[in-house]
Amino acid sequence: PNVLRPFPCLLELASFRYQKLGRACLAEMGGCCSKGQGNGAVSPSDMHPGFSGKGSEAEVLSNGKGRSTLGIDTSNVSVDRTTTRGSVTRGPTTPNVFAHLGINGLDEDGDLNKMKALGKGGSEQPEQIGSNESAVKVAVLIRPLLPFESEKGATNVLKVLGQGKLRMEPRATAPVIAPPGEGPVFDFDRVFNMTSQQASRDMFRTLAMQITEKFCQGFNASMLAYGQTGSGKTYTMGTAIENMGPDVNKAMGKADGIIPRLIVSLFGYTAAASEIYDIELKVQYIEIYNEQVNDLLVHAPGQNIEAVPSSTGSKLDIREHASGEVFVEGANSMIIRSPADLAYAMQMGNAVRATASHKLNEHSSRSHAIVTIHMEQKIKSTRMKEFPSELHYLRSKLQIVDLAGSERAKGTGNEGKRFEEGVNINKSLLELGNCINALTDGNRKHVPYRNSKLTRVLKDSLGGSAETLMLACVSPANVNYEQTLNTLRYAQRARAIKNNLKLNNAMSLQEEVEFLRAMVSKLEDENATLRAQVLAK
């Protein structure tokens with residue numbers, strides 16, 4: 001404290017850290033201090049005036065007047081766990097970085113003027129946001145009939161009944177699964193007929209934008225596309241980014257798919273937050289091919305690649321941090337400073353991703369592709385007093401998953417190597433289905449994440465700590481009836497999964513020491529500059 005006394009903002013941050021260490025000590029002592037038991041027992045209130053020695057963490061930090069010892073408002077902390085479909089469960093809340101930045105949300109075009117708060121009321125975003133349960137959001141995307149399907153006389157068996165309701169017409173042949181004229185009806189968060197570029201934009205604005213906002217606010221997030229081969233997953237996700245030309249921003253705004261639009265809106269946020277935070281973005285691009293994890297950026301040239309000596313490009317290992325968060329050991333990370341950098345990383349990865357042609361799809365993905373964007377936000381030393389201590393450091397990751405399509409050898413005509421690829425694709429998707437079943441079955445305690453590389457990588461997305469959007473891509477053709485029906489059932493089951501969101505604002509002890517040292521160094525430099533200016537006068 002004596003060292004940091006000239007720097008109140010750093011003293012406050014260190015004090016917050018000491019409080020957390022104090023709580024850990026109390027837990028180790030079995031709570032005897034709070035009861036005044038044991039030899040030499042010390043009351044928590046003697047250790048720090050903010051500790052009450054009882055109740056929840058919010059009460060421990062509170063001084064009894066709705067304010068913590070650090071000036072944090074704890075009067076809004078709630079334990080109401082009433083779940084609303086598609087929204088975060090109310091519970092302990094955390095400050096909302098959007099509200100403190102004065103922005104209402106992201107903009108598809110990255111327009112700062114549209115993102116900034118309008119009027120005297122300031123930001124429309126709530127100052128506090130929940131960080132507990134959130135249901136997986138599920139949307140169905142119906143692609144148009146393809147020319148070869150129309151030529152064969154295929155008919156549309158899907159009918160949209162409302163914003164989130166869909167009906168499948170009954171099959172004309174046995175076995176009959178519903179009375180004539182009454183096929184199975186499914187409920188989802190949204191249903192889209194992907195017949196135009198406008199439908200793609202609407203899907204991004206209403207669903208994908210919300211996931212991207214969570215990522216910017218410091219939460220982990222995930223978007224994954226599932227469906228049979230040839231159902232439009234790669235088109236939907238936008239992973240097949242091509243050469244954008246000299247004006248990447250303009251080209252991205254006009255491109256189809258989630259990733260191009262996400263890139264533009266994400267850099268709109270970094271521009272808005274750059275006055276407050278030092279922001280670092282990195283991207284990893286891997287594929288899971290025949291149950292092997294391959295790094296798609298291992299051959300990407302350029303100074304932005306962070307060299308990882310252990311990375312050979314194939315057979316990478318999947319690990320877990322002590323916190324339970326999953327990561328791919330040895331995968332290269334590319335530092336992203338502009339939309340062009342991210343577009344370049346996607347192009348390099350796509351050039352080596354496993355693809356092939358078969359009867360149902362000319363450019364069939366033979367692997368599951370996973371793009372992971374990591375963002376780290378560190379508050380500038382000059383702005384620390386303006387923001388709550390919970391928002392001084394934010395770390396988050398966004399996974400964009402383009403799953404290979406489920407397929408049948410009879411329909412694709414695959415043989416030899418392609419047949420083996422199809423077997424591995426279907427096996428991993430089966431294990432993904434088993435995990436979804438386990439997560440939605442209240443009687444099962446074990447979730448078989450370790451049965452497949454895919455399910456291990458997606459552990460955070462399904463039943464973990466990420467805000468997740470699942471896009472079920474389906475064909476409306478009657479010739480794909482059974483595959484479409486299976487996809488819809490799969491997706492409806494996933495809709496019952498609950499994830500536990502958590503704001504990622506904790507540093508490791510080593511990171512925190514380095515952060516404090518950097519802050520002290522900056523403040524000393526500023527001090528020296530001001531002293532020189534005074535002496536010069």
Side-chain angles (χ1 to χ4, degrees), residues 86-88 94-129 137 139 163 189-190 192 194 196-219 221 223 236-238 241 244-281 283 336-343 373 375 377 379-380 383 386-387 391 394 396 398 400 467 469 471 503:
S87 63
V88 177
T94 54
N96 183 354
V97 68
F98 280 15
H100 288 273
L101 289 172
I103 61 176
N104 288 324
L106 302 186
D107 178 67
E108 183 184 8
D109 301 319
D111 190 324
L112 285 175
N113 292 326
K114 293 180 181 178
M115 292 170 61
K116 288 291 183 179
L118 302 176
K120 296 180 180 179
S123 173
E124 296 175 1
Q125 290 274 336
E127 290 199 11
Q128 299 282 326
I129 50 178
K137 282 75 175 172
Q163 197 176 66
D189 291 282
R190 290 296 296 267
F192 294 93
M194 305 300 287
S196 65
Q197 194 178 53
Q198 182 60 45
S200 180
R201 283 195 292 268
D202 291 343
M203 183 272 293
F204 180 80
R205 288 170 183 164
T206 56
L207 295 171
M209 186 83 82
Q210 297 175 21
I211 304 298
T212 310
E213 288 180 349
K214 280 291 183 184
F215 169 60
C216 294
Q217 290 169 339
F219 296 90
M223 291 183 266
T236 297
M237 302 308 286
I241 290 179
M244 292 287 173
D247 192 342
V248 175
N249 276 343
K250 186 175 181 181
M252 287 280 189
K254 294 182 178 180
D256 290 317
I258 287 175
I259 290 180
R261 294 189 174 95
L262 181 150
I263 292 173
V264 174
S265 59
L266 177 59
F267 276 91
Y269 169 77
T270 59
S274 60
E275 294 181 1
I276 307 296
Y277 289 102
D278 291 320
I279 301 176
E280 184 176 61
L281 288 169
V283 65
I336 302 301
R337 298 187 178 93
S338 68
D341 287 343
L342 194 45
I373 303 174
M375 179 160 60
Q377 305 178 67
I379 197 163
K380 295 179 184 291
R383 311 304 291 268
E386 303 172 28
F387 277 59
L391 298 180
L394 297 173
S396 55
L398 171 62
I400 304 166
E467 180 78 287
L469 168 64
L471 300 171
L503 186 68

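Side-chain atoms are counted along with the backbone in the values below, which use heavy atoms only and exclude waters and symmetry mates.
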If you count the non-hydrogen atoms of other residues, nucleotides and ligands that lie under 6.0 Å from CD in Glu386, is the total more than 12? yes

Might you point out which heavy atoms bring Ile259 and Gly238 nearest each other, and give the distance in Å? CB-O, 3.9 Å

State whether Glu467 and Lys137 are salt-bridged, where the test is any N-O pair (Lys NZ or Arg NE/NH1/NH2 against Asp/Glu carboxylate O) under 4.0 Å. yes

Check whether any side-chain heavy atom of Leu398 sits under 4.5 Å from a side-chain heavy atom of Ile211, and report yes or no. yes

Tell me, please, which residues at least two apart from Arg205 pass salt bridge (Lys or Arg N to Asp or Glu O under 4.0 Å). Glu108, Asp202

Heavy-atom side-chain proximity of Val264 to Pro339 below 4.5 angstrom: no

Working to the nearest 0.5 angstrom, can you tell me the gap between Asp278 CG and Lys380 NZ? 4.0 Å

Side chain to side chain contact (heavy atoms under 4.5 Å, CB included) between Leu471 and Met237, worked out: CA-CA 9 Å; Leu471 300 171; Met237 302 308 286; 4.0 Å; yes

Pair Val97-Ile276, side chain to side chain contact (heavy atoms under 4.5 Å, CB included): steps then yes or no: CA-CA 11 Å; Val97 68; Ile276 307 296; over 6 Å; no

Where the side chain of Gln217 meets the backbone of Asn96, is there a donor-acceptor pair that is under 3.5 Å apart? no

Do Thr236 and Phe192 have side chains that get closer than 4.5 Å, going by heavy atoms? no

May I ask you to test the Met223-Thr212 pair for a side-chain heavy-atom distance under 4.5 Å? yes

Nearest heavy-atom neighbours spanning Ile279 and Ala273: CD1-CB, 3.8 Å

Going from NE2 on His100 to CD1 on Ile379, what distance comes out if it is rounded to the nearest 0.5 angstrom? 10.0 Å

Shortest non-hydrogen contact from Ala343 to Ile263? N-CD1, 4.5 Å

Any chance you could lay out the side chain to side chain contact (heavy atoms under 4.5 Å, CB included) test for Leu394 and Leu503, step after step, and finish with the verdict? CA-CA 8 Å; Leu394 297 173; Leu503 186 68; 4.0 Å; yes

Closest heavy-atom pair, Ser200 versus Met194, reported as atoms and distance to 0.1 Å, is CA-CE, 3.7 Å

Non-neighbouring partners of Phe215 that pass ring-ring contact (aromatic ring centres under 6.0 Å, His included), sequence neighbours left out: none

When you look at CD of Glu275, are more than 12 heavy atoms from neighbouring residues, nucleotides or ligands closer to it than 6.0 Å? no

Of all heavy-atom pairs between Ala272 and Ile103, which one has the smallest distance, and what is that distance? CB-CG2, 4.4 Å

Atom pair CZ/CG of Phe98 and Asn104 - distance to nearest 0.5 Å: 10.0 Å

Non-hydrogen atoms of Cys216 and Tyr269 that approach each other most closely: O-OH, 3.5 Å

Just by modelled atom types, is the Met203 backbone N or O under 3.5 Å from a matching donor or acceptor in the Arg190 side chain? no

Do the non-hydrogen side-chain atoms of Leu342 and Ile373 ever get within less than 4.5 Å of each other? yes

With rounding to the nearest 0.5 Å, note down the distance linking CG in Asp107 to CG in Asn113. 9.5 Å

In terms of ring plane angle, is the pair Tyr277 and Phe387 parallel, tilted or perpendicular, where the classes change at 30° and 60°? perpendicular

What is the distance from atom CD1 of Ile258 to atom CD1 of Ile400, rounded to the nearest 0.5 Å? 7.5 Å

Side chain to side chain donor-acceptor pair (under 3.5 Å) filter on Asp111, not counting sequence neighbours, yields none

Gap separating the CD atom of Gln377 from the OG atom of Ser396, nearest 0.5 angstrom: 6.0 Å

